[in-house]
Amino acid sequence: MEGSVQPESVVVGVDTSTSSLTALDWAIAFAHETQSAIHLVHAFSHDHPDLAFNMGTGAEDLRAVGDEVIEHAIDRIRLQDNDIHITIARSGGYPAAALVRASRNARIVVVGALGDSLSRLSPLGETAHQVAAHSQCPVAVIRPSSGSDYGRITVGVDRSDGSHKALDWAFTRAEQTGRELLVLHAWQPRDAEDPALGVASWEEYTTQCRSDIGASVADQQSRHPSVKVLTEIADGKPVRRLIELAHSSDLVVVGARGHGGFESLALGRVAGEVLGHAPSSVVAVH
């Protein structure tokens, strides 16, 4: 069972946190719907600062805890779907590094928004942020469900290459789950004659944007005809609008980086802020 990641597996990071269990349940459902294997990853560095200068916790103790975490995760998968093929990996290094390595052959990496950490000052844990930034496949950052099923996936688009990948992923997921898809493009110019618009006015920008995005949506719709699609072109800040829509969405999908910023950035500002502050689960598509 212990071994390398099978191609197109669902990689999920597991630890002792409640957030990890939420992520595992999401990963099990995803694996079932996509007929994928699950690759469990547990890693913990014995010199991690969250161990509060080790406090008597040695490497052997951590390995024993890790074994329990893995066994409990396997039992949880078996209870929900006994047909899912499982592989596992234990690592003595930092979790983010192990998960990024596993992402090379994975379909998706799934992590809880907050894992084993003594710090709760940030709404997004260190591991989730690092994996979202450096993964080589889509990353799902999972938050506890509100208990409501809104029947909607929201995807943010900006006409970048990353945006096209996010749109493709969101259409596929909407088809798999039977949810409707809301396609959002939001941007706030400095004024109606902002030269960054590339046209004479916001109205002309909106018209051109609807045409470009409409063509992308139509292409995806032809491949996923069962998906109900809504499109929204908004004059406003993308992060704010995506977070607003997250309150009535089961999932928000964004490209890991879009237009703007430095080309070397692995995770754009919009993706980073949505991952950190959306109340729903978020998928960042690379």
Side-chain angles (χ1 to χ4, degrees), residues 4-44 69-70 72-81 84-91 94-117 123-145 153 165-166 169-170 172-173 176-177 179 246 249-254 256 267 271 274-276 278-286:
S4 58
V5 184
Q6 292 190 356
E8 295 298 298
S9 289
V10 177
V11 172
V12 54
V14 291
D15 57 28
T16 61
S17 67
T18 302
S19 183
S20 168
L21 292 178
T22 303
L24 179 59
D25 287 342
W26 193 95
I28 294 168
F30 186 95
H32 175 78
E33 289 154 0
T34 59
Q35 298 184 347
S36 305
I38 285 181
H39 184 71
L40 298 170
V41 176
H42 176 79
F44 212 109
V69 167
I70 290 288
H72 289 161
I74 292 170
D75 289 344
R76 197 174 184 92
I77 296 169
R78 294 295 185 223
L79 284 171
Q80 297 185 46
D81 189 336
I84 292 177
H85 182 73
I86 304 169
T87 56
I88 64 174
R90 300 176 177 90
S91 172
Y94 284 90
L99 289 164
V100 170
R101 286 195 300 271
S103 75
R104 295 168 187 163
N105 295 316
R107 180 188 293 270
I108 192 170
V109 175
V110 184
V111 292
L114 289 168
D116 281 329
S117 175
L124 186 67
E126 174 188 356
T127 296
H129 184 272
Q130 291 180 355
V131 174
H134 300 291
S135 173
Q136 296 185 38
C137 69
V139 176
V141 176
I142 307 303
R143 286 190 165 84
S145 171
I153 294 172
K165 292 178 182 178
W169 195 95
T172 300
R173 188 63 183 152
Q176 290 166 348
T177 60
R179 289 180 168 85
S249 300
D250 302 304
L251 187 69
V252 171
V253 182
V254 292
L267 191 66
V274 172
L275 282 163
S280 67
S281 298
V282 178
V283 170
V285 180
H286 287 263

(request) Quick one: list whatever passes salt bridge (Lys or Arg N to Asp or Glu O under 4.0 Å) with Arg179, sequence neighbours left out. (result) Asp149, Asp250
(request) Specify the closest pair of heavy atoms between Gly276 and Leu124, including all atoms of both residues, with the distance to one decimal. (result) CA-CB, 4.0 Å
(message) To check you understand the geometry: which heavy-atom pair defines the closest contact between Ala132 and Leu275, and what is its length?
(response) CB-CD1, 3.7 Å
(request) Using the test salt bridge (Lys or Arg N to Asp or Glu O under 4.0 Å), find all partners of Arg76 that sit at least two apart in sequence or belong to another chain. (result) Asp25
(message) If I take atom OG from residue Ser281 and atom CD1 from residue Ile153, how far apart are they, to the nearest 0.5 angstrom?
(response) 11.0 Å
(message) What verdict does the side-chain contact (heavy atoms from CB on, under 4.5 Å) test give for Glu8 and Thr34, after you've listed the backbone C-alpha separation in whole Å, the side-chain angles of each residue and the deciding distance to 0.1 Å?
(response) CA-CA 10 Å; Glu8 295 298 298; Thr34 59; over 6 Å; no
(request) Using the test side chain to side chain contact (heavy atoms under 4.5 Å, CB included), find all partners of Thr18 that sit at least two apart in sequence or belong to another chain. (result) none
(message) Just so I know, are the side chains of His72 and Leu21 near enough to count as touching, which here means a heavy-atom distance under 4.5 Å?
(response) no
(request) Could you tell me whether the side chain of Gln130 reaches within less than 4.5 Å of the side chain of Tyr94, counting heavy atoms only? (result) no
(message) Using side-chain heavy atoms (C-beta onward) and a distance below 4.5 Å, is Leu24 in contact with Leu40?
(response) yes
(request) Evaluate the side-chain contact (heavy atoms from CB on, under 4.5 Å) criterion for residues Thr177 and Leu251: first the C-alpha distance (whole Å), next the side-chain angles of each, then the deciding distance (0.1 Å), finally the verdict. (result) CA-CA 11 Å; Thr177 60; Leu251 187 69; over 6 Å; no
(request) Identify, with sequence neighbours excluded, every residue that meets ring pair (Phe, Tyr, Trp, His ring centres under 6.0 Å) alongside Trp169. (result) none
(request) Could you check if a side-chain atom of Val109 sits within less than 4.5 angstrom of a side-chain atom of Val41, using non-hydrogen atoms only? (result) no
(message) Is any side-chain heavy atom of Ile70 closer than 4.5 Å to one of Val14?
(response) yes
(message) Quick check against the 3.5 Å criterion: does His85 have a side-chain atom that pairs as donor or acceptor with the backbone of Ala37?
(response) no
(request) Check His39 against Ala89 and note the closest heavy-atom contact, atom names and distance. (result) NE2-CB, 3.5 Å
(message) Show me the pairs that pass salt bridge (charged side-chain N to carboxylate O under 4.0 Å, His left out) and involve residues 131-145, at least two apart or across chains.
(response) none
(request) Name all residues meeting the side chain to side chain contact (heavy atoms under 4.5 Å, CB included) criterion together with Ala166; count only those two or more places apart in sequence or in a different chain, and write none if there are none. (result) Val155, Val253, Val285
(message) For a quick test of reading the model, state the closest non-hydrogen atom pair linking Ile84 to Ser36 and the distance between them.
(response) CG2-O, 3.9 Å
(request) Taking all heavy atoms of Val5 and all of Val11, pick out the closest pair and write down the distance. (result) CG1-CG2, 4.0 Å
(message) Are Ser103 and His286 packed together at the side-chain level, in the sense that at least one heavy-atom pair is separated by less than 4.5 angstrom?
(response) no
(request) Apply side chain to side chain donor-acceptor pair (under 3.5 Å) to the pair Ser17 and Ser19, showing each step before the final yes or no. (result) CA-CA 5 Å; Ser17 67; Ser19 183; 4.9 Å; no
(message) Would you compute the distance between atom NE2 of His32 and atom CD of Gln176 and round it to the nearest 0.5 angstrom?
(response) 11.5 Å
(message) Can you give me the closest heavy-atom contact between Ala256 and Ala271, atom names plus distance?
(response) O-CB, 3.4 Å
(message) For the backbone of Asp15 and the side chain of Ser20, can you confirm whether one donor and one acceptor N or O come within less than 3.5 Å of each other?
(response) yes
(request) Any chance you could measure Ile77, atom CD1, to Ile38, atom CD1, to the nearest 0.5 Å? (result) 4.0 Å
